[in-house]
2 protein chains.
Amino acid sequence: MADRPRNPTIIDVARLAGVSKSVVSRVVSGRGSVGEETRRRVLRAAEELGYVVNAVARAMVAHRTYTVGAFVRDAATPFYGHLLTAMQERAAFHGYRVVTATGSGGFEVSDEYRALETLAMLRVEALIVCSGLLPSEQILPFAARLPTVVAGRPETHPSITSVYCDEDEGGTTLAGHLLDLGHREVAVVTVPASSSVTLGPRTAAMTRRLRERGARVLEIPGPHRETAGAWATEVLRHPEITAVMAPSDRHAIALMEQLRLRDVAVPERLSVTGYDGIGDLTTSLIGLTHWRQPIDLIGSRAVDALVRLLDGEQPPDHHQVLNGTLVVGRTTAPPTG
Amino acid sequence: MADRPRNPTIIDVARLAGVSKSVVSRVVSGRGSVGEETRRRVLRAAEELGYVVNAVARAMVAHRTYTVGAFVRDAATPFYGHLLTAMQERAAFHGYRVVTATGSGGFEVSDEYRALETLAMLRVEALIVCSGLLPSEQILPFAARLPTVVAGRPETHPSITSVYCDEDEGGTTLAGHLLDLGHREVAVVTVPASSSVTLGPRTAAMTRRLRERGARVLEIPGPHRETAGAWATEVLRHPEITAVMAPSDRHAIALMEQLRLRDVAVPERLSVTGYDGIGDLTTSLIGLTHWRQPIDLIGSRAVDALVRLLDGEQPPDHHQVLNGTLVVGRTTAPPTG
DNA sequence: TTGTATGCGTTATCAC
DNA sequence: GTGATAACGCATACAA
């Protein structure tokens, strides 16, 4: 940092106002009593100097920062962006600030771990972790020192509080929807549990339920949306398949883009399902059939749980499992032919 | 905060390692020389205690936080979400952390001002402001004390550095596209300059260019996407109109959803244009014709400019105006009939 | 009501 | 190479 004029401190203000720094401290922090006349003088002096409380110094002695750290996977992902907004809002309601750290957009676990360290260094009072990538074991050391809530992903470790939408129910319900429509040959774009604790379980649930009810399932490994072209090719190599289930709305859209390039009609030739129901992709223009997660509720419940943790209460609902909704659009229909 | 075990300090580590706290400080901060054997002992003690550097205390004496503050309007908006990610990434490259504050999602200027104060209190070393709402005058007092860059919106105030995509060029080019297609009766969903310094100017540019080249323009005031139904109704009351220009992709989508409800064919009956080209709405499934802003470039350039400011250089390119791109999709076509 | 003194955890500047 | 000690800006217990 270039040498720039030092920020004014309470001492500067005190000098200008002709009082001791204690008085200034009381005025700006609002605790303790100060004479009305004195208070006015102090405020005027502060105004004149452009004084801003130094939260760093304050935190140092108060042992409090009134700040919670949110770690989100990637703000550019609608799911996390919305979650962040929901949490921010609720935290403000409780009188806490939120500082956010994100990974570098890459897929490195080590990146994410470093981001958590950053938050710990800043001495946030609590942590909200929102990432389908970071394994529980990496979170544990932080959870041991800091009240920690995991939001938006299944997390059942006994020493971590969590709020999430049941992935099992979502995958199962969506599969049921296709089965009810009459589909018996279905492709599922699957994600290994190791690469995402959200996408993995939900696609596993889809596959499981389909098979339970007697459908044949073609599993297509598809962690990355960039390979959507290959999924489309693979599905079309199996003409008996009448529906494709994607691990997320974005995956579904990527697939549908590829199907469109190949002149495959949705839902006439192939039904397609998504998952999440967050943000712009829910537009009725596309009408994607999907499972909708109650993202705002996840965010606010997570913050509420965190605040209770901060207050020293052990929330009774240690792992909150929220209900999602099946949204039936125009990308699913009974199989034809 | 409930009383929980105090975090270990260098003093605790020093005691356990049987050295003075100075040594520990040198080891964990990596400055100054320490005997190899001693270093090992210290690291082991730190490990055992789960010691984490207290950045608050460090910042206090170092007068540095290596942290820049980003204020974004609302992380749930794809434009800001992407910008945030881009900035985060570039800042990490330069060795800075980013702490993010957002407004409460509402449309209150005072909220946004408070968020900026929060960042200032945290003693961030610099500020990146990303909001089409906050007026320059509100930013000025912060810019006077802190290196400040405004990103993603036109800002020409001489004492503020900025990086943005020319709104004028975007609006003008999009209008030109419609004119070239032969449209002469066009509706523009306008936003007053007072409510957004991005949406306002771009819709003004659209209107201006259309009229310059002899088209008739119907201006429909439409700051909020929720009123899209009214826009559609208004446009359809004027059967001579063959195209509608929206202030953003999301506005365009909202409009098209309403048009779809009314069985109005796009682009056959009405051409529609968007603006931004960020995130999920760029999907080829919709094929929206729009102006694309180079969001990643805006983010990284903004951080670069900020770093130069922090290094005490006055960047020669004080206001960087970046080029966008016209993306022609399937929602615009020559007028029929 | 107001002022004084002490400590928060760290780094930096000295001696040793 | 190592260890005391003085800041940093603020809050607070206590004395005036």
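Below, chain A is the first sequence line, B the second, and so on; all start at residue 1.
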For A/Val56, which contact category applies under a 4.0 Å heavy-atom criterion: base, sugar-phosphate, or nothing? nothing

How would you list, by chain and number, every residue that makes a side chain to side chain contact (heavy atoms under 4.5 Å, CB included) with A/Val61, sequence neighbours excluded? none

The dot-bracket string of DNA chain D, counting Watson-Crick and G-U wobble pairs with both distances under 3.5 Å, using [ ] for crossing pairs and | for pairs to another strand, is ||||||||||||||.|

Between side-chain atoms of residues 27-38 of chain A and protein atoms elsewhere (two or more places apart, or another chain), which donor-acceptor pairs fall under 3.5 Å?
residue : atom : partner : partner atom : Å
A/Ser29 : OG   : A/Ser25 : O            : 2.7

Result block: side-chain N/O donor-acceptor pairs under 3.5 angstrom for residues 300-309 of chain A, not counting sequence neighbours:
residue  : atom : partner  : partner atom : Å
A/Ser300 : OG   : A/Asp296 : O            : 3.3
A/Ser300 : OG   : A/Leu297 : O            : 3.4
A/Arg301 : NH1  : A/Gln320 : OE1          : 2.9
A/Asp304 : OD1  : A/Arg90  : NE           : 2.7
A/Asp304 : OD1  : A/Arg90  : NH2          : 3.3
A/Asp304 : OD1  : A/His94  : NE2          : 2.8
A/Asp304 : OD2  : A/Arg90  : NH2          : 3.3

Short question: side chain of B/Arg97, backbone of B/Thr65 - any donor-acceptor pair under 3.5 Å? yes

Rounding to a whole Å, what distance do you find between A/His63:NE2 and C/dT6:P? 18 Å

Rounded to whole Å, please give me the gap between CG in B/Asp12 and P in C/dG9. 8 Å

Just the rounded figure in Å: distance from P of D/dG3 to CZ of B/Arg15. 14 Å

B/Arg123 CZ - D/dG9 P separation (whole Å): 9 Å

Please report, to 0.1 Å, the donor-acceptor pairs under 3.5 Å made by any side chain of residues 147-156 of chain A, with sequence neighbours excluded.
residue  : atom : partner  : partner atom : Å
A/Thr148 : OG1  : A/Leu146 : O            : 2.8
A/Arg153 : NH1  : A/Ser131 : O            : 2.5
A/Arg153 : NH1  : A/Leu134 : O            : 2.5
A/Arg153 : NH2  : A/Leu134 : O            : 2.8
A/Arg153 : NH2  : A/Glu155 : OE1          : 3.0
A/Glu155 : OE1  : A/Ser136 : OG           : 2.9
A/Glu155 : OE2  : A/Ser136 : OG           : 3.0
A/Glu155 : OE2  : A/His157 : N            : 3.3

Encode nucleotides 11-16 of chain D as B, S and - characters from 5' to 3', where the letter depends on protein heavy atoms closer than 4.0 Å: B to the base, S only to sugar-phosphate, - to neither. BBB---

note: B/Ile11, atom CD1; D/dG3, atom C1'; distance rounded to Å ~ 13 Å

Of all heavy-atom pairs linking A/Leu122 and B/Val56, the shortest is O-CG2, 3.6 Å

Go through the structure and list residues passing side chain to side chain contact (heavy atoms under 4.5 Å, CB included) with B/Ile11, not counting sequence neighbours. B/Thr9, B/Arg15, B/Lys21

Sorted by chain and number, sequence neighbours left out, ring-ring contact (aromatic ring centres under 6.0 Å, His included) with B/Phe142 holds for B/Tyr113

Can you name the side chain to side chain donor-acceptor pair (under 3.5 Å) partners of B/Arg44, sequence neighbours left out? none

Below 4.0 angstrom, which residues in residues 35-47 of chain B have at least one non-hydrogen atom near DNA chain C? none

Measure from CE on B/Met60 to P on D/dA6 and round the result to the nearest Å. 17 Å

List for me each residue that meets side chain to side chain contact (heavy atoms under 4.5 Å, CB included) alongside A/Ala70, sequence neighbours excluded, and say none if there are none. A/Leu84, A/Met87, A/Val98, A/Thr100

Does any pair with a residue in residues 21-51 of chain A pass ring-ring contact (aromatic ring centres under 6.0 Å, His included), and if so which ones, sequence neighbours excluded? none

Without decimals, in angstroms, what is the distance between B/Asn54 CG and C/dC8 C1'? 9 Å

Phosphate-side-chain proximity, B/Thr9 and C/dG9, N/O vs OP1/OP2 below 4.0 Å: no

Counting just side-chain N and O atoms, does B/Ser20 come under 4.0 Å of either OP1 or OP2 of D/dT2? no

